[in-house]
Amino acid sequence: MIAFLSGTVAALAPDSAVVEVGGVGMAVQCTPDTLAALRVGQPAKLHTSLVVREDSLTLYGFAEDDARQVFELLQTASGVGPRLAQAMLAVHTPDALRRAVATGDEKALTAVPGIGKKGAQKLLLELKDRLGAPLGTAPAVGAPVTQGWRDQLHAALIGLGYATREADEAVAAVAPQAEAAGGTPQVGQLLKAALQTLNRAR
């Protein structure tokens with residue numbers, strides 16, 4: 001099993017990164033928050049989980065080992081594959097997921113694309129004794145970033161290789177969505193919306 005990759009970021013895409021390790025480019029599927037911290041040409045270390053299928057080998061990468069562990073634990077629940085587990089970690093931090101499961105917060109789970117009310121109820125039952133208690137003083141479930149979302153989003157888009165002008169336009173395009181959230185948006189969700197806007201423009 002490949003536990004982690006350490007090398008130079010060779011390329012970034014909306015949902016993946018290529019890390020050069022010993023002259024070999026390893027493609028890694030990542031959440032928006034993980035991608036936002038990566039920069040092309042800069043060194044990076046990603047904790048990874050290798051998902052083996054009949055017709056594919058896919059690496060999923062995370063900035064923290066805790067996220068990798070939660071990613072694997074989520075897949076022990078019936079109906080949860082790697083893509084849904086990754087989507088859950090794209091919306092919530094590991095501790096936010098632990099808190100959601102511990103408190104029976106259906107709303108937090110249904111905020112994840114692909115999870116309905118019945119699915120959330122089932123997951124709460126199956127994961128209750130698997131994820132454990134929150135590890136630290138992480139923000140509450142789905143807690144938004146209250147300050148500097150524009151700067152964080154702009155930096156993430158630049159890190160993904162977009163030009164400053166494109167990043168400026170994308171930030172402006174998702175501003176109404178941020179304001180609709182009461183001025184306290186989640187940067188990960190805004191990044192997804194910004195990438196959709198940029199993809200439509202190209």
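As the structure is a prediction and not an experimental result, all values here were calculated from the model.
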If I compare all heavy atoms of [X] with all of [Y], which pair ends up nearest, and what's the gap?
X      : Y      : result
Ala85  : Leu74  : O-CD1, 3.8 Å
Ala173 : Thr197 : CB-CG2, 3.8 Å
Ala44  : Val9   : CB-CG2, 3.6 Å
Leu12  : Ala17  : CD2-CB, 3.7 Å
Gly61  : Thr48  : CA-CG2, 4.1 Å
Thr110 : Ala120 : CG2-CB, 3.8 Å

Is there a path from [X] to [Y] through hydrophobic residues (I, L, V, M, F, W, Y) whose side chains come within less than 4.5 Å of each other?
X      : Y      : result
Leu125 : Leu123 : no
Leu5   : Val52  : yes
Val19  : Ile2   : yes
Val21  : Val18  : no

Nearest-0.5 Å distance, CD of residue Gln121 to CD of residue Glu106: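 Atom-to-atom, Gln121:CD and Glu106:CD are 4.0 Å apart.
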Distance (rounded to the nearest 0.5 Å) between Leu35 CG and Leu191 CG: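 Reported value, rounded in 0.5 Å steps: 7.5 Å.
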Close side-chain approach of Pro94 to Leu89, heavy-atom, < 4.5 Å: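 A side-chain contact exists here, since the closest heavy-atom pair is under 4.5 Å.
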Test salt bridge (charged side-chain N to carboxylate O under 4.0 Å, His left out) applied to Asp15 - qualifying residues, sequence neighbours left out: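 With neighbours one apart ignored, the set is empty.
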With sequence neighbours excluded, residues passing salt bridge (charged side-chain N to carboxylate O under 4.0 Å, His left out) with Arg165: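 Testing Arg165 for salt bridge (charged side-chain N to carboxylate O under 4.0 Å, His left out), a comparison that skips the adjacent residues, returns Glu169.
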All ring pair (Phe, Tyr, Trp, His ring centres under 6.0 Å) counterparts of Phe71, not counting sequence neighbours: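 For Phe71 the ring pair (Phe, Tyr, Trp, His ring centres under 6.0 Å) partners, ignoring immediate neighbours, are Tyr60, Phe62.
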The criterion is side chain to side chain contact (heavy atoms under 4.5 Å, CB included); which residues satisfy it with [X], sequence neighbours excluded?
X      : answer
Leu73  : Leu131
Asp168 : His154, Thr164
Val112 : Leu84, Ala87, Met88, Val91, His92, Ile115
Val24  : Met26

Please collect all salt bridge (Lys or Arg N to Asp or Glu O under 4.0 Å) contacts where either partner lies in [range], sequence neighbours excluded, each pair once.
range          : result
residues 41-54 : none
residues 59-68 : Asp65-Arg68, Asp66-Arg98, Arg68-Glu72
residues 19-30 : none

Gln177 side chain to Val174 backbone, donor-acceptor under 3.5 Å: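 The answer is no, because no donor-acceptor pair under 3.5 Å joins these two groups.
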Can you give each donor-acceptor pair under 3.5 Å made by side-chain atoms of residues 27-34, sequence neighbours left out, with the distance rounded to 0.1 Å?
unit_1 : atom_1 : unit_2 : atom_2 : d
Thr31  : OG1    : Thr34  : N      : 3.4
Thr31  : OG1    : Thr34  : OG1    : 3.1

Intermediate values then yes/no, side-chain contact (heavy atoms from CB on, under 4.5 Å), Leu97 and Leu127: CA-CA 10 Å; Leu97 283 172; Leu127 295 172; over 6 Å; no
Side chain to side chain donor-acceptor pair (under 3.5 Å): pairs with one or both residues in residues 75-90, sequence neighbours excluded: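 Non-adjacent pairs meeting side chain to side chain donor-acceptor pair (under 3.5 Å): Thr76-Arg130, Ser78-Lys122, Ser78-Glu126.
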